[in-house]
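When reading the values below, keep in mind they use all heavy atoms of this one structure, side chains included, and skip hydrogens, waters and symmetry mates. Order of appearance sets the numbers: ligands from 1, and atoms from 1 within every ligand.
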Amino acid sequence: MDVDLTQLEHDELYVEHEYTAGELELDDAEIVLCAPPRVRFRLQRLGLEIRIEGRVEAEVEVHCDRCLSAFRLTVTPDFDVLYAPLAVLTPEEEVQLTERDLRFGFYQNERIDIDALVREQIRLALPFRLLCREDCRGLCPQCGVDLNHEVCHCAPSVDARWAALWELKRRMEGV
Ligand SMILES: [Zn+2]
Ligand SMILES: [Zn+2]
């Protein structure tokens, strides 16, 4: 979905959009949309700049960083982004903007790409560490079983055995 700025009748526009199946792809193999997302926003024209504030609602399927199992997450990021026309900025100004404010976007040809905004908001809303649950035990590094569901009989890892040896040595020398 695009907003065509030449078609704005007022300096303000309210949009509520529920995507249809297949209308929006995330272009990211790691994140799958479970259902079409929704977006609602208010767009305001502020001179040459366009401010868009609103909220995205999406349910995505991702994979746990520790046990690799798929799980679902609901994300509802609120956003407030200021768009400037790409042409009016000098290269120096662009550099300053990217360094100063990540909530700044650009538009070209009097159009704002709402799909790109929604995709970015979903991605930014994901936590840095994706865990199926806070205390996920992950996979055994040796046999690969999911330690959330199974107990394996692998020997402790090499690091753990070295730690035990050092502990023994320390005790023998310490007495
Ligand atoms: Zn997990
Ligand atoms: Zn194991």
Side-chain angles (χ1 to χ4, degrees), residues 1-3 15-43 51-83 97-107 112-175:
M1 179 180 53
D2 276 359
V3 172
V15 174
E16 247 187 279
H17 183 66
E18 187 164 349
Y19 283 90
T20 53
E23 187 185 349
L24 184 89
E25 302 293 342
L26 288 183
D27 302 329
D28 188 328
E30 307 289 310
I31 312 167
V32 177
L33 285 168
C34 302
R38 300 151 69 100
V39 60
R40 60 167 193 270
F41 59 87
R42 177 173 76 145
L43 180 149
R51 181 180 181 185
I52 304 184
E53 50 180 331
R55 165 179 280 215
V56 173
E57 290 171 28
E59 196 187 2
V60 294
E61 189 181 86
V62 289
H63 289 88
C64 177
D65 287 344
R66 284 190 198 148
C67 72
L68 310 179
S69 65
F71 66 101
R72 289 177 172 211
L73 265 182
T74 300
V75 289
T76 55
D78 291 315
F79 57 86
D80 186 353
V81 184
L82 208 53
Y83 285 84
L97 283 174
T98 46
E99 283 171 0
R100 195 192 65 201
D101 195 349
L102 288 171
R103 293 183 312 148
F104 221 95
F106 298 99
Y107 67 89
I112 293 187
D113 183 351
I114 300 299
D115 294 349
L117 171 68
V118 169
R119 270 188 219 109
E120 189 189 6
Q121 291 302 321
I122 292 174
R123 224 172 275 140
L124 289 175
L126 294 177
F128 180 65
R129 285 181 71 85
L130 293 169
L131 294 180
C132 62
R133 55 182 221 227
E134 214 30 66
D135 61 347
C136 171
R137 303 162 78 100
L139 304 179
C140 169
Q142 293 177 70
C143 72
V145 305
D146 184 342
L147 298 172
N148 296 308
H149 304 297
E150 279 177 73
V151 178
C152 68
H153 301 285
C154 294
S157 69
V158 175
D159 283 351
R161 270 179 291 166
W162 276 113
L165 278 176
W166 282 115
E167 175 64 18
L168 190 66
K169 185 170 181 283
R170 199 180 58 79
R171 255 187 288 160
M172 286 168 70
E173 285 172 353
V175 188

Item to check | Expected output: side-chain Arg119 to main-chain Glu25 donor-acceptor under 3.5 Å | outcome: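 Yes, because the side chain of Arg119 sits within donor-acceptor range (under 3.5 Å) of the backbone of Glu25.
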Next on the checklist: With a 3.5 Å distance limit and no angle check, can you tell me whether Asp65 reaches the backbone of Leu130 through a side-chain donor-acceptor pair?
Outcome noted: yes
Item to check | Contacts of Glu61 that satisfy salt bridge (Lys or Arg N to Asp or Glu O under 4.0 Å) - sequence neighbours left out | outcome: none
Item to check | Inter- and intrachain pairs under salt bridge (Lys or Arg N to Asp or Glu O under 4.0 Å), touching residues 138-148, at least two apart | outcome: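 Every candidate salt bridge (Lys or Arg N to Asp or Glu O under 4.0 Å) pair involving residues 138-148 fails, so no pair, neighbours aside, qualifies.
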Item to check | Sole candidate of Arg51, Arg55, Arg42 that passes salt bridge (charged side-chain N to carboxylate O under 4.0 Å, His left out) when paired with Asp80 | outcome: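 That would be Arg51.
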Item to check | Salt-bridge present (Arg137, Asp135; N to O < 4.0 Å) | outcome: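 Result for this pair is no, no salt bridge flagged.
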Checklist entry - Under the criterion side chain to side chain contact (heavy atoms under 4.5 Å, CB included), which of Val15, Ile114, Ile52 is the partner of Leu43? => result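 Answer to the side chain to side chain contact (heavy atoms under 4.5 Å, CB included) test with Leu43 among Val15, Ile114, Ile52: Ile52.
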Item to check | Straight-line distance of Leu117 CG to Ile112 CD1, nearest 0.5 Å | outcome: 9.0 Å
Item to check | Under 2.8 Å from the Zn ion (ligand 1) - protein N/O/S, by chain and number | outcome: Cys64 SG, Cys67 SG, Cys132 SG, Cys136 SG
Checklist entry - In the protein, how many N/O/S atoms are under 2.8 Å from the Zn ion (ligand 2)? => result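 For the Zn ion (ligand 2), protein nitrogen, oxygen or sulfur atoms under 2.8 Å: 4.
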Checklist entry - Any chance the side chains of Tyr19 and Asp115 put a donor and an acceptor closer than 3.5 Å? => result yes
